[in-house]
Participant: 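Structure in structure tokens, see below.
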Amino acid sequence: MFMDVFSYLCRCSCSQWAVCLTFIAMVWTILAIIFIALYGYTIFSAITVLLLENRSPQKAVTWVLVLVLVPVVGLIFYLIFGQDIRHRKLVSRRSLKRLRDPLQVPDENRYDVSSEPHNPRARLMQLLESNSGAVPYTGNSVEVYTRGADVFHAVFAAIERAQKHIHIEFFIIEDDEIGNRLRELLIRKAQEGVRVRVIYDYLGGLKLSKRYVQSLRDAGVYVRAFMPLRFELFGRIRLFGQAKKKGHINFRNHRKLIVIDGRVGFTGGHNVADRYVTGNQLGPWRDTFARFEGPVVYALQMNFLTDWYFVDRKIVNDMKYYPTIEPVDGRCVVQMVPSGPDSDWENIMQGIAKAIDSATDHVYLQTPYFMPPEKVLNAIHAAALSGLDVRLIIPRRSDAPFSDAAARTYIERLLHAGVRVFFYDGGFIHSKAIEIDGYLSLIGSANLDERSANQHFELTAFVYDEATAQVMRDNFLQDERQSTEISLDAWSQRPRRKRLYESFARLFSPLM
């Protein structure tokens, strides 16, 4: 057949060839016009939505330039990374009310903010309760862990003692030695009659085998993936319509939390993977995790069951999940602050900025990825410029080299402001922890970057307790002894090509 067509074309006259080529050119021209019209309409629609979201002018202009100057690829990037769902509630207020109605916090377990209205601590508590609904609970105990082996020893011991229910939520659960120790333990507890629920992020759990998940389900464990991705050609991407309960590749559940019998809870920066215990090519992994007892476990439970409603579409509000808890230490106040791309505000980042603004002596920060929102960066600069002792520990090398390059563009300005900046040399510091003025500690999943501010679902504990702050400060100073301080003179003399590459990487900081 091919030879017949070829023979026919060879016999065609010049005039016939001209007609044929003209026809092909017309078809391509029409298709090109249709494509340009549709693409132009799509770009116009995307820019319209972008402007109506009333973002900061800097972000809006950046995305407009990307859409206009990088055809097709820019639109794909916007659809994946650029959409703002803060005005769309993944869990409706009505559903939240049904979840929370049964839980009445006893007055003796709630810190009375009005008792000291001019105390900066009270103002911070009021902010966090207003922006995220985080109740300041009194009467808690906190135990801080920095070694992965200690974390999993404590977690597995708590799971062993579970009698009624186990609730677990992680960004990453891997099918390795630690992951399988957890799997076997959960299977055994489920077979003993303990109700076990597990949430893992779909994208973070891509390495999790079907065999792993199915073995849990076969044993009676309830397992759900957060925001599974379903790639469909049509009907999934909507520029004007309301988002359905579907997967967004850019909006991931980065939270780490565990609740045992409604009485013991954990949160922090660890995921379930061997590298948190044995390290990897980056060296040992240094992170921060904490165990909580006391009324604040109510808040951990509420956050888990809210996420469970999102993944399972079932409201779990039985009071058996909120047993009566006697205060442990009346001096320790804790707020569990959630945030996410559907929150009304950047809850955690607002809290961090407010906490730094109210500092009077020192601010010690450590984070694996440092690309902070403007409000947090300005607070850090202002604290250092006002004479406070401000120190920052970041990794010399992380598991995201492009993020490392972007983070380095902030260092020179920090040094000019008087911030002491350190590269951690003891491995990879994955800890997301802050200690301020010897009374406030922040422990959780949120990094100081744009993704944690606007694109990830996060959870951070704000702990108002001098004893915990002393532990956190000691841990920070121990990390500092394993770090190298950066001098302004040496840093400003880096090669121009390296600085240019880092500045290029910073352009993509909202995506990292």
Side-chain angles (χ1 to χ4, degrees), residues 91 96 99-100 102-103 105 109 132-135 137 139-145 151-171 173 182-183 185-186 189-190 192-201 216 220-224 226 253-272 289-312 314-328 332 334-338 443-445 457-463:
V91 177
L96 280 176
L99 279 163
R100 294 174 178 174
L103 179 59
V105 182
N109 293 335
S132 67
V135 174
Y137 287 94
N140 306 287
S141 70
V142 183
E143 187 169 358
V144 179
Y145 307 98
V151 169
F152 291 109
H153 176 77
V155 167
F156 292 161
I159 293 174
E160 284 278 11
R161 291 191 291 269
Q163 297 179 349
K164 297 179 180 178
H165 67 267
I166 299 166
H167 291 160
I168 292 178
E169 181 172 358
F170 279 96
F171 176 57
I173 301 176
L182 176 65
R183 179 180 65 88
L185 185 53
L186 295 181
K189 297 305 291 187
E192 292 173 5
V194 176
R195 176 63 62 94
V196 183
R197 295 182 174 95
V198 177
I199 300 173
Y200 68 94
D201 184 77
L216 288 170
V221 177
Y222 295 82
V223 185
R224 299 291 183 271
F226 190 92
N253 191 330
H254 198 240
R255 294 168 183 158
K256 295 92 174 170
L257 72 92
I258 301 168
V259 180
I260 308 296
D261 289 343
R263 297 183 179 277
V264 177
F266 297 84
T267 194
H270 288 74
N271 289 293
V272 180
F289 215 68
R291 181 183 189 273
F292 297 86
E293 287 191 59
V296 75
V297 178
Y298 291 149
L300 280 168
Q301 187 78 288
M302 176 59 67
N303 278 287
F304 177 88
L305 291 177
T306 301
D307 287 344
W308 186 258
Y309 169 70
F310 176 73
V311 298
D312 198 50
K314 292 180 183 177
I315 289 178
V316 180
N317 58 6
D318 195 312
M319 281 306 296
K320 70 182 180 182
Y321 294 106
Y322 300 98
T324 301
I325 299 177
E326 296 298 327
V328 180
C332 181
V334 184
Q335 285 177 287
M336 288 292 169
V337 183
I443 307 166
S445 64
F457 294 87
E458 304 282 6
L459 184 69
T460 293
F462 284 66
V463 182

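Remember, it's a predicted structure, so these values are computed and weren't measured experimentally. Every heavy atom of this structure was used, including side-chain atoms; hydrogens, water molecules and symmetry mates were not.
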Participant: Has Asn140 got a side-chain atom pairing as donor or acceptor with Val296's backbone, closer than 3.5 angstrom?
Facilitator: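 Indeed, once roles are kept as given, a pair shorter than 3.5 Å links the two residues.
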
Participant: Once side chain to side chain donor-acceptor pair (under 3.5 Å) is applied, do any residues pair with Glu326, and if so which ones, sequence neighbours excluded?
Facilitator: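 In terms of side chain to side chain donor-acceptor pair (under 3.5 Å), with neighbours along the sequence ignored, Glu326 is linked to no residue.
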
Participant: Between Phe304 and Trp308, how do the two ring planes meet: parallel, tilted or perpendicular, split at 30° and 60°?
Facilitator: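 If you compare the ring of Phe304 with that of Trp308, the planes turn out parallel.
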
Participant: Run the side chain to side chain donor-acceptor pair (under 3.5 Å) test against Glu143 and tell me which residues pass, sequence neighbours left out.
Facilitator: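 Scan of Glu143 (side chain to side chain donor-acceptor pair (under 3.5 Å), adjacent residues dropped) gives Tyr145.
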
Participant: What verdict does the side chain to side chain contact (heavy atoms under 4.5 Å, CB included) test give for Tyr309 and Val316, after you've listed the backbone C-alpha separation in whole Å, the side-chain angles of each residue and the deciding distance to 0.1 Å?
Facilitator: CA-CA 7 Å; Tyr309 169 70; Val316 180; over 6 Å; no

Participant: Return the set of residues passing side-chain contact (heavy atoms from CB on, under 4.5 Å) with Arg195 (not counting sequence neighbours), or none when no residue passes.
Facilitator: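 Expected list: His165, Arg197, Tyr222, Tyr321.
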
Participant: Are the side chain of Asn253 and the backbone of Asp201 linked by a donor-acceptor contact shorter than 3.5 Å?
Facilitator: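 A pair under 3.5 Å: no.
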
Participant: Show me the donor-acceptor pairs within less than 3.5 Å that the side chains of residues 264-271 make with the rest of the protein, sequence neighbours left out.
Facilitator:
unit_1: Thr267; atom_1: OG1; unit_2: Lys256; atom_2: O; d: 2.6
unit_1: Asn271; atom_1: OD1; unit_2: Ile172; atom_2: N; d: 3.1
unit_1: Asn271; atom_1: ND2; unit_2: Tyr276; atom_2: OH; d: 2.8

Participant: Determine whether Met336 and Phe292 satisfy the following criterion, side chain to side chain contact (heavy atoms under 4.5 Å, CB included), listing intermediate values before the conclusion.
Facilitator: CA-CA 11 Å; Met336 288 292 169; Phe292 297 86; 3.6 Å; yes

Participant: Taking Ser445 for its side chain and Leu459 for its backbone only, find out whether a donor-acceptor pair lies under 3.5 Å.
Facilitator: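 Pair found, side chain donor or acceptor close to backbone of Leu459.
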
Participant: With rounding to the nearest 0.5 Å, note down the distance linking CD in Glu160 to NZ in Lys189.
Facilitator: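 Going from the CD atom of Glu160 to the NZ atom of Lys189 covers 6.0 Å.
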
Participant: Could you check whether any side-chain N or O of Gln335 sits under 3.5 Å from a backbone N or O of Phe462, counting only pairs where one atom can act as donor and the other as acceptor?
Facilitator: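 No, the answer is negative, given that no donor and acceptor are paired below the 3.5 Å cut-off.
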
Participant: Which residues pass the ring pair (Phe, Tyr, Trp, His ring centres under 6.0 Å) test with Phe171, sequence neighbours left out?
Facilitator: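 His254.
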
Participant: Could you tell me whether a side-chain N or O of Asp318 sits under 3.5 Å from a main-chain N or O of Lys320, the two making a donor and an acceptor?
Facilitator: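 At least one qualifying donor-acceptor pair exists.
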
Participant: Taking only residues two or more places apart in sequence, or in another chain, which ones meet Arg291 in a salt bridge (charged side-chain N to carboxylate O under 4.0 Å, His left out)?
Facilitator: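 With neighbours one apart ignored, the set is Glu293.
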
Participant: Report yes or no: does Asn109 contribute a side-chain atom to a donor-acceptor pair with the main-chain N or O of Tyr137 at less than 3.5 Å?
Facilitator: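 Not confirmed, Asn109 side chain does not pair with Tyr137 backbone.
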
